[in-house]
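The block underneath contains the structure these notes are about, expressed in structure tokens.
Computed from a prediction, not measured in an experiment: that's the story for all the values here. Here is the naming used below: chain letters follow the sequence lines, and residue numbers restart at 1 for every chain.
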Amino acid sequence: MVPRKNSSFTFCRGLFYLGRMRLMSEFIPSFDEAKVEKKWQEIWYKDKYFHANDYSEKEKYYSLVEFPYPSGAGMHIGHIRAYLSLDVISRKRRMEGKNVLFPIGFDAFGLPTENYAIQNQIHPRTITDRNIKTFINQLKATGFSFDFSRMVDTTDPEYYRWTQWIFLKLYEHGLVYKNIAYVNFCPSCKVVLSNEESQGGKCDRCDNDVVQMEKAVWFLKITAYAEKLLQGLDELESSSRIRMEQEKWIGRSTGAYIKFPISCSDKSLKVFTTRPDTIYGATFMVIAPEHPYIEEFRDRIKNLDEIKAYQEQAMLKTEFERIELAKDKTGVKIEGVSAINPLTNKEIPIFISDYVMITYGTGAIMAVPAHDSRDFEFATKYKLPIVEVIKGGDITKEAYTDTEEGVLVNSPLIDGLSVEDAKKKIITYLEDNKLGEEAKQYRMKDWAFNRQRYWGEPIPIIYCDKCGIIPVPYEDLPVTLPMVEKFIPTDTGESPLANIESFVNCTCPKCGGPAKRETDTMPQWAGSSWYFLRYMDPHNHNELAAKEKMEYWGKVDWYNGGMEHVTRHLIYSRFWNQFLYDIGVTVHREPYKKRTAQGIILGSDNEKMSKSRGNVVNPMEIISEYGADTLRTFVLFISDYEMATPWNDLGLKGARRFLDKIWRMFPNVKPGDKYSHKLERMIHETIKGVSEDIENLKFNTAIAKMMTLVNEYNKMEELTTADYEVLLQILNPIAPHITEELWQMLGHETLLVHETYPTYDEAKLFKDEIDLVISVNGKVRDKITVDSQTTEEELKKLAVSTEKIQAFINGMTVVKIIVVPNKLINIVVK
RNA sequence: GCGGGCGUGGCGAAAUUGGCAGACGCGCUAGACUUAGGAUCUAGUUCUUAUGAGUGCAGGUUCAAGUCCUGUCGCCCGCACCA
């Protein structure tokens, strides 16, 4: 951005006033954004104007934004957009008489801080404190109306004591377990990653290749809440996109478990299928390379060497590679062991192939090549029989997977039925004959909950040689991070805490003997999974939050944040809240009433902002050049709030110009407690429009409407105080500093922040005269102004009688005339 | 591959139930004022042969389509051998 030379705005406005001096009763100082904004920020924050009051008589309103990770780079323009929507809503709610809780805090555990600490030999605590300080200053410089007395910091032992407490509660209720698992490990960051953090086989953080590593992993049994999390979505008001992403992430599918007996054995192979109706078409079976039956039947398998070789090969591939190689399916037939289709009673072969995943369903499938494209591909390659059981497609060419039109064939029990009916009948048959049962499966997996890092919440678990795994007693919380000089990751994938003997060695709470602490820490998602509860009672030493306070504040009324947090964070936090509800800690099953998401601001080159691209916009530079009000107005004006949009430096000037215009019209304001007659209707329309637009996150059009009103004001010789005040009131939530200053300049002794939000009068929106468009065959040909009481019959007569219209319809037959009230008249001619 | 969204001037974008396409802003052009500036004010600004044409493209429904339907192309986001 090109820095503005000096303060030419201020300079010129000074001149303007010199020229106008004689019109003014007193000299009006020019709008010095730096001075004015600082002045009001000091008043607001010092005098606690935005403090939320527990148990106030007023109706409560809880607005929540995703608390930031305090990175060293300071605030990003994205933070500004993310927080502005609810800052505007919160400010509006206060003016509407609500007791507003609009808190902020810091999600401060995390890898960048730890990495910076290692590189620069500064303790993460020092860095975090420094960064938080910067963030607070920047948030205040932007004029956000947060209640800064309720700040939380996830790295504060007083906070993470309760994060650990929740973990222990989950443990106590059997929702935590330890298991050996293949985990995604990033050799560069030396850290275990979740599936979500290693999408595409690349580390989320450093973009290096992720490898598979066998590790003992702490899991949270989130799958136990899959159904509840799905059902809870009915209580969450959100866009269809937000809802669908969550549904997809949980990923429920319904079908059946079916048991296929293994030949010459009393065992059977259990599969999950969503298409039990196609069972007569199951001509072979496929099991995942990791399937335990390989080991179980090793003595009967004639080609064990071949199978083992395939297994080993599959293990080498990451999940990502297995997907990448999807097009070319490979597999090996297991010689010596086969299965029996329980409905056809035919013996069918079993294959091992990596297109079946051990992590989903039972790790085994019944393959129906006629009606599943993957099975079709496999059957074609290995020349396996393809039997049509649903009529409607051409199975010589491709699998027929339609479930709407098809009719069952070659299936004695269910011939002639639709897919839907066949499913029901076959499930009943399977259940009656103990061959299977109706079943649900979820895509969601249990939450891998440990990381090998220093800068995270220690997992409160102790290992005792005698007593085994012992949870830290509640009264011993928090398990604090040791303040040490060194926190260097180990090469073995162990946490840096493992090197700190004073931390590791402890006594067993049960037998008092020597014991060792768990050295892994929690993932960054932990602290953010319950922070909205802490805001309601942030300084409580005895519990995570007092129940009475949670009862008063209730659900979060409106939660805004990024689209990227709609699955992981939102589901994790809903899970914890639901669990806490089930054990009687929280008062609502679902934590949020409404969730919205802002669109991202791209660089001016339409690419995602990044340091390497050099297209990053620094909001603080804009504030020091143009002021916070200009930044706020522009960020909200730039486009639809929920859409991604490129940044544009030049547009800032438009926002500043708009505010300047309002500032400059101050001398034209003359005492008067009524709206100017000429402006009255437009003022009412604007109040209505702006208020509705704000509620719908349409800040861009709300500002456009105020700009239009200001343009009208500018045409007036004089304005009444009423005209001017109402503008300041509706603009205040968006540009709070300049409006507050002008409000004071009008002689008010109380702050605009506490003023009531203007209302409009429906009756004043009524128009005596309306402009109508007359079109002929859909093309606009003329415009007329008529009395709003004119009847439809009169309108029709009027329409055909104008000179212009006559010229168009002369010599033609009028077929019909359509009148759309208040909009247009269309004459259809031949 | 599946699911969702988007495609409108030189640019960011507007446009209830289908009803004047381009509100508002940026930029640009011309003029005014002037202490010569990146200030302010006034007028203009989709294209055009001045008749029309025009919302990615091709059809359709309708008195009327940016909006609804069918097909197609392009971009973005999410999920991805999920059985």
- Message: My understanding is that only residues two or more places apart in sequence, or in another chain, count here; which of them pass side-chain contact (heavy atoms from CB on, under 4.5 Å) with A/Asn714?
- Response: A/Lys661, A/Met665
- Query: When you check the phosphate oxygens OP1 and OP2 of B/rC41, does a side-chain N or O of A/Arg664 lie under 4.0 Å from one of them?
  - Reply: yes
- Item | is_close_aromatic(A/Phe658, A/Phe637), centroid dist under 6.0 Å | no
- Query: Given the C1' atoms of B/rG66 and B/rA15, what is the spacing between them in whole Å?
  - Reply: 9 Å
- Presence of donor-acceptor pair under 3.5 Å, side chain of A/Lys329 and base of B/rC81: yes
- Item | Residues that A/Glu712 engages under side-chain contact (heavy atoms from CB on, under 4.5 Å), provided they are two or more places apart | A/Leu679, A/Met682, A/Lys715
- Apply salt bridge (charged side-chain N to carboxylate O under 4.0 Å, His left out) to A/Asp446 and list each qualifying residue two or more places apart in sequence or on a separate chain. none
- Task: Remember a base hit wins even if backbone is also touched, and classify A/Asn711 as base, sugar-phosphate or nothing at under 4.0 Å, heavy atoms.
- Result: sugar-phosphate
- Message: Is the distance between the ring centroids of A/Trp647 and A/Phe634 under 6.0 Å?
- Response: yes
- Is the Lys NZ or Arg CZ of A/Lys270 less than 6.0 Å from the centre of A/Tyr257's six-membered ring, within 45° of the axis? yes
- Query: In the 5'-to-3' direction, what one-character label does each nucleotide of nucleotides 59-64 of chain B receive under the scheme B = base within less than 4.0 Å of a protein heavy atom, S = sugar-phosphate only, - = no such atom?
  - Reply: ----B-
- Note on the structure: With sugar-phosphate taken as primed atoms, P, OP1 and OP2 and all else as base, the protein-contact string of nucleotides 51-56 of chain B at under 4.0 Å (heavy atoms; B, S, -) is --S---
- Query: So does A/Lys705 reach the base of B/rC24 with its side chain, donor to acceptor, closer than 3.5 Å?
  - Reply: no
- Who passes side-chain contact (heavy atoms from CB on, under 4.5 Å) against A/Glu247, sequence neighbours left out? A/Leu230, A/Leu233, A/Arg243, A/Met244
- Just to confirm, is there a sub-4.0 Å distance from OP1 or OP2 of B/rG38 to any side-chain nitrogen or oxygen of A/Arg656? no
- Which nucleotides of RNA chain B pair, in dot-bracket form (Watson-Crick or G-U under 3.5 Å, | meaning another strand): (((((((..(((......[....)))((((((.......))))))((....))..(((((..]....))))))))))))....
- With sequence neighbours excluded, residues passing side-chain contact (heavy atoms from CB on, under 4.5 Å) with A/Phe376: A/Thr380, A/Ile386, A/Ala399
- With heavy atoms under 4.0 Å as the rule, sort A/Asn700 into base, sugar-phosphate or nothing. sugar-phosphate
- Message: Among residues at least two apart in sequence or on other chains, which ones pass side-chain hydrogen bond (donor to acceptor under 3.5 Å, both in side chains) with A/Lys705?
- Response: A/Asp693
- Close approaches to RNA chain B from residues 633-646 of chain A, in residue order (heavy atom, under 4.0 Å): A/Phe637, A/Ile638, A/Ser639, A/Asp640, A/Ala644, A/Thr645, A/Pro646
- Item | Qualifying residues under side-chain hydrogen bond (donor to acceptor under 3.5 Å, both in side chains), relative to A/Tyr760, sequence neighbours excluded | none
- Message: Base of B/rU17, side chain of A/Lys823 - is there a donor-acceptor contact under 3.5 Å?
- Response: yes
- Note on the structure: Judged by whether its glycosidic angle lies within 90° of 0, B/rG71 is anti
- Do the ring planes of A/Phe351 and A/Tyr382 sit parallel (below 30°), tilted (30 to 60°) or perpendicular (above 60°)? tilted
- Message: Suppose we screen for side-chain hydrogen bond (donor to acceptor under 3.5 Å, both in side chains). Which residues come up paired with A/Asp605, at least two apart in sequence or across chains?
- Response: A/Asn615
